[in-house]
Amino acid sequence: MTGLQIHREEEAAGRITLRLEGTLDGRTAQELRNSLQALGQSEVVLDFAHLREFKDSAVGVLTHGMKEGAVQLRGLATHHERMFRYFGVLSSPATHRAYYTPEDILSA
């Protein structure tokens with residue numbers, strides 16, 4: 001069975017974490033985007049750490065309209081972090097990066 005499960009966790013400070021499990025593709029990314037829009041102006045953290053499969057096409061769907069929202073990204077692989085950056089959406093800042101990437105140099 002394929003699909004996306006979204007586990008919602010609310011913190012006392014009002015932040016909402018959406019932990020994603022399963023498959024994130026174009027169709028399920030649209031469902032996730034609808035869920036994000038329903039949350040309105042809430043501070044949201046998307047946790048991608050438990051995804052079984054993450055299709056590149058999902059990034060384009062998710063990033064549409066995401067720039068103005070207060071959404072933090074967590075648990076991304078380097079490839080998908082880079083894909084979000086190409087669409088103008090930055091993930092949470094890394095605490096320590098030992099190496100630079102060409103994208104870091106070009107975007108500076």
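Numbers for residues simply follow the sequence, beginning at 1. Computed from a predicted structure; not experimentally measured.
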Non-hydrogen side-chain atoms of [X] and [Y] separated by less than 4.5 Å:
{"X": "His79", "Y": "Glu81", "answer": "no"}
{"X": "Val71", "Y": "Leu62", "answer": "no"}
{"X": "Leu46", "Y": "Leu36", "answer": "yes"}
{"X": "Gln5", "Y": "Leu20", "answer": "no"}
{"X": "Arg82", "Y": "Thr78", "answer": "yes"}
{"X": "Val59", "Y": "Val61", "answer": "no"}
{"X": "Arg74", "Y": "Thr17", "answer": "yes"}
{"X": "Leu18", "Y": "Val44", "answer": "yes"}

**Prompt:** Of all residues at least two apart in sequence or in a different chain, which pass the side-chain hydrogen bond (donor to acceptor under 3.5 Å, both in side chains) check with Glu11?
**Reply:** none
**Item:** Set of side-chain hydrogen bond (donor to acceptor under 3.5 Å, both in side chains) partners for Arg8, sequence neighbours left out
**Value:** Glu10
**Fill in**
Smallest heavy-atom separation, Ser57 atom then Gly26 atom, equals OG-N, 3.6 Å
**Complete:** Hits for salt bridge (Lys or Arg N to Asp or Glu O under 4.0 Å) against Arg33, two or more places apart or cross-chain, chain-then-number order -> none
**Request:** For Glu21, check salt bridge (Lys or Arg N to Asp or Glu O under 4.0 Å) against everything at least two apart and list the hits.
**Result:**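 In terms of salt bridge (Lys or Arg N to Asp or Glu O under 4.0 Å), with neighbours along the sequence ignored, Glu21 is linked to no residue.
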**Prompt:** Which pairs pass ring pair (Phe, Tyr, Trp, His ring centres under 6.0 Å) with one or both residues in residues 31-52, sequence neighbours excluded?
**Reply:**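 For residues 31-52, and leaving out neighbouring residues, the ring pair (Phe, Tyr, Trp, His ring centres under 6.0 Å) pairs sorted by first residue read Phe48-Phe54, Phe48-Phe84.
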**Prompt:** With sequence neighbours left out, which residue pairs that include part of residues 13-39 fulfil the ring pair (Phe, Tyr, Trp, His ring centres under 6.0 Å) condition?
**Reply:**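 Qualifying pairs: none.
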**Request:** Start with the C-alpha distance between Asp47 and His7, add both sets of side-chain angles, then the distance that settles side-chain hydrogen bond (donor to acceptor under 3.5 Å, both in side chains), and finish with yes or no.
**Result:** CA-CA 10 Å; Asp47 186 355; His7 303 282; over 6 Å; no
